[in-house]
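Take a look at the structure below.
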Amino acid sequence: MEVTKAVIPAAGFGTRFLPVTKAQPKEMMPVLDKPTIQYVVEEAVEAGIDDILIITGRGKQAIERHFDKSYELEEELEADGKLDRLDRVQEIADLADIHYVRQKEREGLGDAVLYARKHVGDEPFALLLGDTIIENDRGCTETLIKQAEEYESSVLSLERVPCEQVPSYGVADVDGSASADGSFPVTDFVEKPPQEEAPSNLAITGRYVLTPQIFELLAETEKGVGGELQLTDAIRQLDHVRGVELAGDRYDIGNIPSWLQANIEMAIRHDDGEMNEAVEALLKEQFV
Ligand code: UTP
């Protein structure tokens, strides 16, 4: 089994970030100098994928413009001799072959993934949520792909979250202890369970490798929690699912505290010394 395609759903409303998201996609929210979805595309590319399908919807045109060539801007940067900036702009359009399909109604993540069926066909694929940045030394999607290829199975990245937060997540029920490579079989999932009914505190975090069986299952799945077609409801019916608990930092950009945290922590870790110093000085001034 070989994973050569990635799907990035980016059609959601982003109501938690209103009014910012009234006229701009939340996936275009900047973290430092790049929009969130660029980090997500780069993660897929670093995992060796160059065929990416982005699920868009009404009001999401800025995403396509961002990954397109920008002739006027490039000419102007070249004429002004701003060659380092020109490189950065050109790199974006050359990242990968990016395709788009529009989700007609926002009927949930499961519905968005079903729109990828035609493009993906009968192959396994990586799925990366367009509003979630994962900073991980091993490369989250790269690790999942290796495991999926080794076990010929769907694989999800999982994270232990504080127990009071489990009602916000899809949660895994796991079987036995992890194998030497850190992955383990998952027997079931529950979408947004009440804390007392949660099978564990291992939450699904926005990175998956799924076998094409998921499309058949989604097509037969009824709408679930929130009146939306829930991806988790179809995943729990897959024949084989493994989970892998990955260390690293995850930022859900659709939520304001997490977006702020991403900007601060990634600025401090950034290899631009001037930026680190400026942010550290600002934080010391405010809090020390
Ligand atoms: P969320 O669960 O954060 O939903 O989506 P949302 O509607 O975007 O945001 P809120 O809850 O209203 O603030 C997770 C990912 O799935 C995509 C979103 O764009 C986001 O990247 N998504 C969600 C879709 O593509 N279509 C949908 O119908 C729902």
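All values reported here derive from a predicted model rather than from experimental measurement. Note that the numbering runs from 1 along the sequence shown for the chain. As the structure lists them, so they are numbered: ligands from 1, and atoms in each ligand from 1.
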Residues Glu43 and Arg207 bridged, charged N to O under 4.0 Å: yes

Pairs involving residues 6-31, ordered by first then second residue, that meet side-chain hydrogen bond (donor to acceptor under 3.5 Å, both in side chains) (sequence neighbours left out): Arg16-Asp252, Lys26-Asp131, Glu27-Lys60

Qualifying residues under side-chain contact (heavy atoms from CB on, under 4.5 Å), relative to Ile92, sequence neighbours excluded: Gln38, His66, Phe67

Sub-4.0 Å heavy-atom environment of ligand 1, residues by chain: Pro9, Ala10, Ala11, Gly12, Phe13, Gly14, Thr15, Arg16, Lys26, Glu27, Gln103, Arg106, Glu107, Gly108, Leu109, Ala112, Gly130, Asp131

Phe189 CZ to Asp173 CG distance, which is reported to the nearest 0.5 Å: 9.5 Å

Pairs under 3.5 angstrom only: tabulate donor-acceptor contacts from the side chains of residues 153-162 to other protein residues two or more places apart or in another chain.
| unit_1 | atom_1 | unit_2 | atom_2 | d |
| --- | --- | --- | --- | --- |
| Ser153 | OG | His240 | O | 3.4 |
| Ser154 | OG | Thr211 | N | 3.1 |
| Ser154 | OG | Thr211 | OG1 | 3.3 |
| Ser157 | OG | Thr205 | OG1 | 2.5 |
| Glu159 | OE1 | Arg250 | NE | 2.8 |
| Glu159 | OE2 | Arg250 | NH2 | 3.1 |
| Arg160 | NH1 | Asn201 | OD1 | 3.0 |

Polar side chain donor-acceptor pair, Tyr169 to Glu191, under 3.5 angstrom: no

